[in-house]
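Working notes for the structure below.
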Amino acid sequence: MHKRELSETKLSLPQVRQELMAIGEENLDQFQRRTLDYVSKFSKIDQSAAGELIETLIKDFGLENDEAVQVVNCAPETVDEMRIFLAGGRKIIETSKLEAIVSLLNEHRVSKA
């Protein structure tokens with residue numbers, strides 16, 4: 001029997017929505033449809049910018065991939081909210097960087113009006 005190498009990639013909610021939409025809603029099973037419904041309701045960041053935003057958070061702000069995905073998923077609106085997401089880390093991020101991250105998130109935030 002052959003061993004297959006599997007890899008794991010963390011996806012943000014907007015990225016999951018994009019992948020499911022690429023399959024086509026008519027081709028989704030019940031679980032996938034529920035997932036699409038969930039990510040459509042709870043995605044707070046524009047799906048076209050999600051991947052680029054994660055890369056920016058990793059490269060420019062020194063976040064880990066898991067942290068960057070979580071920040072994009074929840075899209076905190078204040079510096080205090082941002083601190084909650086990064087509190088478990090071993091490093092302390094300056095307030096000016098946190099403000100810049102919140103500003104960057106605000107640029108790509110989807111308005112739910």
Side-chain angles (χ1 to χ4, degrees):
M1 193 154 83
H2 298 286
K3 286 189 174 187
R4 291 188 338 181
E5 248 184 68
L6 299 177
S7 64
E8 181 178 296
T9 304
K10 306 270 187 202
L11 295 175
S12 65
L13 297 178
Q15 290 171 315
V16 171
R17 183 177 188 280
Q18 189 173 19
E19 291 295 321
L20 290 173
M21 293 299 287
I23 294 171
E25 197 168 342
E26 64 280 350
N27 298 323
L28 300 178
D29 64 23
Q30 180 182 4
F31 178 72
Q32 291 168 325
R33 285 178 195 262
R34 285 186 181 189
T35 303
L36 178 60
D37 183 50
Y38 176 86
V39 297
S40 295
K41 288 179 182 174
F42 291 100
S43 293
K44 297 178 181 178
I45 299 295
D46 180 38
Q47 70 186 29
S48 63
E52 181 181 313
L53 189 54
I54 290 171
E55 290 299 318
T56 301
L57 291 172
I58 293 169
K59 289 178 184 172
D60 296 348
F61 297 100
L63 271 60
E64 298 293 324
N65 187 53
D66 292 348
E67 293 171 328
V69 169
Q70 191 63 28
V71 166
V72 169
N73 284 345
C74 297
E77 296 180 3
T78 65
V79 170
D80 290 332
E81 289 176 0
M82 181 64 71
R83 282 193 174 106
I84 292 169
F85 290 98
L86 304 176
R90 288 172 244 127
K91 57 188 172 285
I92 297 173
I93 298 177
E94 303 162 6
T95 302
S96 60
K97 282 189 176 183
L98 295 175
E99 289 170 347
I101 293 171
V102 171
S103 175
L104 187 62
L105 290 171
N106 286 338
E107 290 175 21
H108 299 290
R109 195 176 307 276
V110 175
S111 62
K112 298 278 185 177

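Between P76 and V102, every side-chain heavy-atom pair lies at or beyond the 4.5 Å cut-off.
Side-chain contact annotation: S12 with R17, donor-acceptor N/O pair under 3.5 Å absent. Between the side chains of S48 and D46, at least one donor N or O lies within less than 3.5 Å of an accepting N or O.
The cluster map of Ile, Leu, Val, Met, Phe, Trp and Tyr, joined by side-chain heavy atoms under 4.5 Å apart, puts I84 and L86 in different clusters.
A salt bridge is absent between D37 and R33: the closest approach of a Lys/Arg side-chain nitrogen to an acidic carboxylate oxygen does not fall below 4.0 angstrom.
Annotation for A49 and H108: closest pair CB-ND1, 3.4 Å, computed over non-hydrogen atoms. The shortest non-hydrogen separation linking N65 to I58 is OD1-CD1, 3.5 Å. Across all their heavy atoms, L20 and T35 have their closest contact at CD1-CG2, 3.9 Å. Scanning both residues, K44 and A75, for their nearest heavy atoms gives CB-CB, 3.8 Å. Scanning all heavy atoms of the two residues, the minimum distance from L13 to N73 falls at N-OD1, 2.7 Å. When every heavy atom of Q15 is checked against every heavy atom of G51, the shortest pair comes out as NE2-CA, 3.3 Å.
In this structure, CE on M21 lies 6.0 Å from CG on L36, to the nearest 0.5 angstrom. Atoms CD and CD, from E94 and E99 in turn, are 11.0 Å apart once rounded to the nearest 0.5 Å. For the atom pair CG (L63) and CD (E67), the distance works out to 5.0 Å, reported to the nearest 0.5 Å. To the nearest 0.5 Å, the span separating OG1 on T78 from CG on L105 amounts to 11.0 Å.
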Full working for side chain to side chain contact (heavy atoms under 4.5 Å, CB included) between E77 and R109: CA-CA 10 Å; E77 296 180 3; R109 195 176 307 276; 3.7 Å; yes
Please step through side chain to side chain contact (heavy atoms under 4.5 Å, CB included) for the pair R83 and E81, ending with a clear verdict. CA-CA 5 Å; R83 282 193 174 106; E81 289 176 0; over 6 Å; no
When you look at V69 and L57, which way does the side chain to side chain contact (heavy atoms under 4.5 Å, CB included) test go after all the steps? CA-CA 9 Å; V69 169; L57 291 172; over 6 Å; no
Apply the test side chain to side chain contact (heavy atoms under 4.5 Å, CB included) to residues F61 and I93: give CA-CA distance (whole Å), side-chain angles for both, the deciding distance (0.1 Å), then the verdict. CA-CA 9 Å; F61 297 100; I93 298 177; over 6 Å; no
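For CD of E52, the number of neighbouring non-hydrogen atoms (other residues, nucleotides, ligands) closer than 6.0 Å is 12 at most. Within a 6.0 Å sphere centred on CZ of R34, heavy atoms belonging to other residues, nucleotides or ligands number 12 at most.
Distance alone, capped at 3.5 Å, places no donor-acceptor pair between the E107 side chain and the L104 backbone. Using a distance-only test at 3.5 Å, with no hydrogens or angles considered, no donor-acceptor pair links the side chain of E19 to the main chain of V16. Counting only distance, with no hydrogens or angles, the side chain of S43 and the backbone of V39 share a donor-acceptor pair below 3.5 Å.
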